[in-house]
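Report on the structure given below.
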Amino acid sequence: MIQLLFVLVFAEAVVAFLLMVKIGPLRELVMNGLDQVKMRKGTVLTIAGTMSVILFSNWVSIVKIQNKGAKIGTMTPMDQVLWRTHLLEASLMGFSLYLGFLIDRMHHHLQKLINLRRNGGSSKKEVEKLEAEKLQLKENEDKTKEEMKQLQKQISSLTETINKIKLESKEKDKKIETAEAHVVSLQKQSADLLLEYDRLLEDNQNLQAQTKTRHF
């Protein structure tokens, strides 16, 4: 029994050491092994409970031997051997249970650490993706601003052209109005000249008639 407990304590110490110190892939192997062990939680609890009962029984035996020795004033050699044996077994069991609890807590916290690192890696990828999208949006924004500047230049150029056309149109309208006024004036002058021509023609006919009358 004592040899088995020594082997158990040594094995637990090795497992705890491998969990504390990363040596190649050994930590991952130990973590996977502990995952498999924890899947059989009922068996582990049964073993731990059995060891606790045996530990309690050893402590009871130690107390009984001490009380017996106190009554008679001394312990017999046989009682001394039994007391030391029970004490050694109790110490090894207690240390074994303590190492088991320590290994369980280390495994639990290492799993949390691994999950945090995985989540951190995933978050880092998401941040990099967001940074890339932000950079792309900034490039698109710069491109859009450049296009807007070009459009503003074109709009300014078109506005200047339109204003120039409007000015030219106004000047042409003024010329047309001036020309129409001149045409109206010419038409009026032409009408006056026609009236004068008719009057002169009538006077000429009257003079011709008077000349003929005098000749006869």
Within this structure, what is the [atom1]-[atom2] distance for the pair [X] and [Y], rounded to the nearest 0.5 Å?
X: Arg84; Y: Leu87; atom1: CZ; atom2: CG; answer: 10.0 Å
X: Glu133; Y: Gln136; atom1: CD; atom2: CD; answer: 9.5 Å
X: Met106; Y: Phe17; atom1: CE; atom2: CZ; answer: 10.5 Å
X: Glu160; Y: Ile155; atom1: CD; atom2: CD1; answer: 12.5 Å
X: Ser61; Y: Ile54; atom1: OG; atom2: CD1; answer: 11.5 Å
X: Asp173; Y: Thr178; atom1: CG; atom2: OG1; answer: 10.5 Å

Electrostatic pair Lys138-Asp142, nearest N-O below 4.0 angstrom: no
Side-chain contact, heavy-atom cut-off 4.5 Å: [X] with [Y]?
X: Gln80; Y: Ile65; value: no
X: Glu202; Y: Arg199; value: no
X: Asn163; Y: Leu167; value: no
X: Glu141; Y: Leu137; value: no

Least distance between heavy atoms, Ile62 atom then Ala90 atom: CD1-CB, 4.4 Å
Would you kindly confirm whether [X] and [Y] end up in one hydrophobic cluster when ILVMFWY residues are joined by side chain heavy atoms under 4.5 Å apart?
X: Val63; Y: Val60; answer: no
X: Phe56; Y: Leu97; answer: no
X: Ile103; Y: Phe101; answer: no
X: Phe10; Y: Val15; answer: yes

Gln3 CD: over 12 foreign heavy atoms closer than 6.0 Å: no
Whether over 12 other heavy atoms sit under 6.0 Å from Arg105 CZ: yes
Does [X] reach the main-chain N or O of [Y] with its side chain, forming a donor-acceptor pair under 3.5 Å?
X: Ser185; Y: Ala181; value: no
X: Asn115; Y: Gln111; value: yes
X: Ser96; Y: Leu92; value: no
X: Ser190; Y: Leu186; value: no

Full working for salt bridge (Lys or Arg N to Asp or Glu O under 4.0 Å) between Glu146 and Lys143: CA-CA 5 Å; Glu146 187 66 26; Lys143 186 177 180 181; over 6 Å; no
